[in-house]
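Heads up: numbering here begins at 1 and tracks the sequence.
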Amino acid sequence: MPKSMPMRLLNEPQPLHHASVVRPFEDMNAAFTARVLLLRRPDGTVEPYIPFIKYQRKYRLRSASWQNATARALGLFWDFCVAHRGTGWPPRTLLQEFAYALLEGTIDSKRPASRSLMWPSISRERAKGLIKNIEVFAEWCASNDETLSPLARDEVPLVPGTGEHATRLLVWSRVSRVSMLQHIKAAPKTAKRSSVDLGRDGKGKELQAAKFFPPAFAERLLWEGHRRPNAETEPDIFRRYNIRDMMIALLDGWGGLRRSEGLHLWEIDVREDEDHQGHAFVVLNHPEEAKVQWHDPVASALRWISRKEMLARRYGLRARNVSKRGHYHVGWKGMALNENYQASIFWIDPAAGALFWTLYLAYIRFVRLAVMDKRKRDGGKDHPFLFVSEEVNPETGLVGEPYSEKAYERNHAAAVRRLGLKHEKSAGTTTHGLRHLYGHTMQKLGVHPHVIRQGLHHVNLLSQAIYTVPLPAEVDEALRAAQRRLADGYRTPASLGESTSEALLRLRQSLSNGGFV
């Protein structure tokens, strides 16, 4: 059978020190086709990796894609070991750094040995899949007497220069119970908490209704609160308003987003709705894992890469949720996303979608473009984030920094006070009160709970409970309305009528007579 190399994936780490071919492998009992992994040693010689052939022979009924995936994972591990043979790392460090290299990529690494690999960053799920293939193979090696017999259980040589050394390292990882997967799991939270926020403050306390933005002031917030002071005579109507903060308020109060989520939007995340001309279609993307198209100058072709990789390669930035740099950092709470790590915004009112689209077009043309042009003239770098600061940053001396959470909350507080309201959580007038208003409005409209969950992008159906608990006044009115319906002769579906009334009278008489009718 002729040799054939696996198809090169432009957005995957590529092999340097290993090659793999498909060829038949025969023994006395049967013939089977296996992926043969050829390892190129540091001295230039090549050896077939025999343990991997035996591994495939053991599971010969598995698919060719499984063979290819495992061969690729083992080959990348070999590449990493060869490239870092001079570091002097102990085995545990080598395994840890390999996991980080897969996840973060090596293109921008400070280590020359890592940069030589030219690995792009990949998604967390993809990295976990590659490492899982390696660890399952290592587990098999550790439990297989034939494979393990020539291998000592002592400390692994620091420089794996042969296939046997590579196997010994993997066996050591399983015998010592060292897992690479633990290094690429999502960072643990500082305190354990339920993913379902039931709003309980302590044992025995009932669920309290969330404080939402006063509905009577919601529209006024846009047109009065976010009107620029002393801008009544401004000839440009869009300069009379802080349209940036109006857009974020629309996303929160009429689109159900959290304050931080809208600040992760890129300029390309908004487009005109194909089904509703003149309305905005907004897609919220995961700040790291969601894909974006990028022109690869080496391959001279468009390809899909993660936003994390795009930020690093093109702009020299990290995702805002992982960066700890001052006002640049923006949180990201777990939310329901589709298979592409995306979530669509559902407008509670069609007019909100129409207004947002108009404001978006004006913001791009008349505000953001001018701000970013000045930023570049002053020596600043470009970035893709939609919302930018119009003020000069005291640290960088530049305008156009990505808009911060604190700045938005500060401007929102000023807008609330212009309406004569207090800016406080207990009154529902903070930025998060707008999201609560979205959930409360859905509940008032009688929207199905599953629809409310999607609108709020909750993973768990019960998470919306705090948004939809009725206020005491609403409970009182609902009960009074029910009483009025009963007084008007309304019958419930399972009403107890005259028969029950007569029977109940007899039973009461019998009870007073000692059980005798």
Pairing residues for R227 by the side chain to side chain donor-acceptor pair (under 3.5 Å) criterion, not counting sequence neighbours: Y241

NZ/NE/NH1/NH2 to OD/OE distance under 4.0 Å, R111 and E97: yes

Ionic contact status for E135 with K132, cut-off 4.0 Å: no

Residues that R318 engages under side chain to side chain donor-acceptor pair (under 3.5 Å), provided they are two or more places apart: none

Whether F356 and W347 hold their rings parallel, tilted or perpendicular, with breakpoints at 30° and 60°: tilted

Test of ring centre spacing under 6.0 Å for Y315 and H383: no

T431 side chain to E409 side chain, donor-acceptor N/O pair below 3.5 angstrom: yes

H436 ring center near H432 ring center (under 6.0 Å): yes

Residues in side chain to side chain donor-acceptor pair (under 3.5 Å) contact with R320, at least two apart in sequence or another chain: none

Centroid separation F281 to W357 less than 6.0 Å: no

Side chains of T396 and E401, donor plus acceptor under 3.5 Å: yes

By ring pair (Phe, Tyr, Trp, His ring centres under 6.0 Å) - contacts of Y438 (at least two apart): none

Partner set under side-chain contact (heavy atoms from CB on, under 4.5 Å) for A354, not counting sequence neighbours: H279

Sequence neighbours excluded - ring pair (Phe, Tyr, Trp, His ring centres under 6.0 Å) pairs with any residue from residues 399-420: H412-H423

Residues D373, R377: salt bridge by 4.0 Å N-O rule: no

Q293 atom CD, over 12 foreign heavy atoms within 6.0 Å: yes

Smallest separation among heavy atoms of L437 and P215, with atom names: CD1-CG, 3.8 Å

Distance under 6.0 Å and angle within 45° of ring axis: R303 vs W294: no

Residue E219 excluded, over 12 heavy atoms near CD under 6.0 Å: no

Electrostatic pair E405:R259 at N-O distance under 4.0 angstrom: yes

